[in-house]
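First up is the structure itself, then whatever we jot down about it.
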Protein chains: 2
Amino acid sequence: MDTQLDAVFAALADPTRRAILSLLLEDDMAVTDVAEPFEMSLAAISKHLAILAGAGLISQEKHGRVKWCKLEPYALRAASIWMQGFGQFEPVNLDAFERFLAVELTDDAQDQG
Amino acid sequence: MDTQLDAVFAALADPTRRAILSLLLEDDMAVTDVAEPFEMSLAAISKHLAILAGAGLISQEKHGRVKWCKLEPYALRAASIWMQGFGQFEPVNLDAFERFLAVELTDDAQDQG
DNA sequence: CCCATATTCAACCATTCAGTTGACCATGGT
DNA sequence: ACCATGGTCAACTGAATGGTTGAATATGGG
């Protein structure tokens with residue numbers, strides 16, 4: 001029924017793809033650079049990127065012969081909201097997470113000057 | 001690497017399994033009752049339930065000849081927290097995030113006994 | 001005991017998936 | 001024009017998935 005949630009959750013179910021998303025969290029990257037840390041062929045990474053793009057989790061734009069990959073975190077929103085429907089977990093965790101984030105962002109701002 | 005996230009996201013990638021979780025959100029149910037709304041065999045639903053249980057998303061307890069299925073929404077927590085890391089549009093220190101996650105999950109294990 | 005109910009098991013099937021390899025296209029530099 | 005670089009395509013493999021069916025294993029009730 002809901003193909004979008006299917007695609008997003010399936011994309012997230014693979015550890016290589018989650019690692020790719022983590023990489024892209026730091027910066028936009030070319031396909032070759034995304035592939036570099038992984039011990040698998042470029043073609044395999046290319047396929048993973050296609051799956052991520054299919055789920056809307058990244059966008060890809062070709063400039064010259066280089067294809068840039070960009071994280072699209074908003075694509076996680078529907079899945080996140082779906083999961084919140086089950087989130088009767090204590091607000092403790094999210095509070096802790098928000099505190100973590102607050103510290104992180106402050107540190108980051110300081111780091112980056 | 002992280003088999004737990006793999007299992008949870010893979011479990012959520014199937015619409016039948018998500019529908020089962022939604023059913024169980026309302027009430028604990030026997031396997032046969034879970035299967036009733038679906039146009040597929042009981043054995044198929046039994047397999048889906050096994051996958052959900054394997055991911056920790058439900059627990060199953062046999063009383064007499066009836067096996068009761070109970071939602072375990074806490075199992076969504078790690079996945080939810082992981083996703084929140086991408087929901088923030090500011091760059092985040094991933095190493096710190098991983099450490100945060102590790103502590104969170106350890107706390108969780110202790111909480112749940 | 002006998003039968004119905006609840007659930008799983010086992011074997012099978014078709015499809016998808018994750019990976020490989022080698023050939024192929026496109027582009028940019030010299 | 002040539003060649004290296006960036007990336008995808010095509011064909012193949014082995015393993016996993018999602019489903020089926022029919023037999024098997026409890027368990028409970030009359």
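Remember, predicted model here, so these are calculated numbers, not experimental data. Just so it is clear: chains get the letters A, B, ... in the order the sequence lines come, proteins before strands, and each one is counted from 1. Just so you know, these numbers use all the heavy atoms, side chains as well, and skip hydrogens, waters and symmetry mates.
Taking the side chain as every heavy atom from C-beta outward, A/Val8 and A/Gln4 approach each other to under 4.5 Å. Residues A/Leu24 and A/Lys70 have side chains not in contact (no heavy-atom distance under 4.5 Å, counting atoms from C-beta outward).
Rounded to whole Å, atom C1' of C/dA6 lies 16 Å from atom CD of B/Glu61. In this entry the distance linking CG of A/Asp6 with P of D/dG18 reads 10 Å, nearest Å. Between the P atom of C/dA26 and the NZ atom of A/Lys67 lies a distance of 13 Å, rounded to the nearest Å. B/Leu49 places its CG atom 13 Å from the P atom of C/dC9, with the value rounded to the nearest Å. For the pair A/Trp68 CH2 and D/dG7 C1', the interatomic distance rounds to 14 Å; values are reported in whole Å.
Taken residue by residue, residues 28-38 of chain B places no heavy atom nearer than 4.0 Å to DNA chain D.
With sequence neighbours left out, B/Ser22 forms a side chain to side chain donor-acceptor pair (under 3.5 Å) with no residue at all. Residues meeting the side chain to side chain contact (heavy atoms under 4.5 Å, CB included) test with A/Arg77, sequence neighbours left out: A/Tyr74, A/Ile81. Considering only residues two or more places apart in sequence or on other chains, B/Thr16 meets the side chain to side chain contact (heavy atoms under 4.5 Å, CB included) condition with B/Asp14, B/Ile20, B/Phe38, B/Met40, B/Ile45, B/His48. Legend: residues meeting side chain to side chain contact (heavy atoms under 4.5 Å, CB included) with A/Ala13, ordered by chain and number and at least two apart, are B/Phe9, B/Ala10. Every side chain to side chain contact (heavy atoms under 4.5 Å, CB included) that A/Gln60 has, sequence neighbours left out, goes to A/Val31, A/Leu49, A/Ala53, A/Ile58, A/Lys67, A/Cys69. Every residue two or more places apart in sequence or in another chain was checked for a side chain to side chain donor-acceptor pair (under 3.5 Å) with B/Glu26, and none qualifies.
Nearest-nucleotide positions on DNA chain C place B/Ala43 closer to the 5' end than the other of A/Leu42 and B/Ala43.
At least one side-chain nitrogen or oxygen of B/Ser46 sits closer than 4.0 Å to the OP1 or OP2 atom of C/dT8. For D/dT20, one of the phosphate oxygens OP1 or OP2 lies less than 4.0 angstrom from a side-chain nitrogen or oxygen of B/Ser41.
No donor-acceptor distance shorter than 3.5 angstrom exists from the side chain of B/Arg17 to the backbone of B/Leu12, with no hydrogens or angles considered.
In terms of heavy-atom proximity, B/Gly56 sits nearest to B/Ala75 at O-CB, 3.1 Å. The two residues A/Met83 and B/Leu76 have their closest heavy-atom pair at CE-O, 3.5 Å.
Taking Ile, Leu, Val, Met, Phe, Trp and Tyr as hydrophobic and joining them when side-chain heavy atoms fall under 4.5 Å apart, one finds B/Ile51 isolated, its cluster having no other members. In this structure, B/Trp68 belongs to a hydrophobic cluster whose other members, linked by side-chain heavy atoms under 4.5 Å apart, are B/Val66.
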Could you pull out the protein-nucleic contacts involving nucleotides 13-18 of chain C (nitrogen or oxygen on both sides, under 3.5 Å)?
{"unit_1": "C/dA18", "atom_1": "OP1", "unit_2": "A/Arg17", "atom_2": "NH1", "d": "3.3"}
{"unit_1": "C/dA18", "atom_1": "OP1", "unit_2": "A/Arg17", "atom_2": "NH2", "d": "2.9"}

If you restrict it to nitrogen or oxygen atoms, what contacts under 3.5 Å exist between nucleotides 26-30 of chain D and the protein, and what is each distance?
{"unit_1": "D/dT27", "atom_1": "O2", "unit_2": "B/Arg65", "atom_2": "NH1", "d": "3.2"}

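End-to-end axis angle of the helix from C/dC1-D/dG30 to C/dT30-D/dA1, from C1' rotation axes over five pairs per end: 20° (rounded to 10 degrees).
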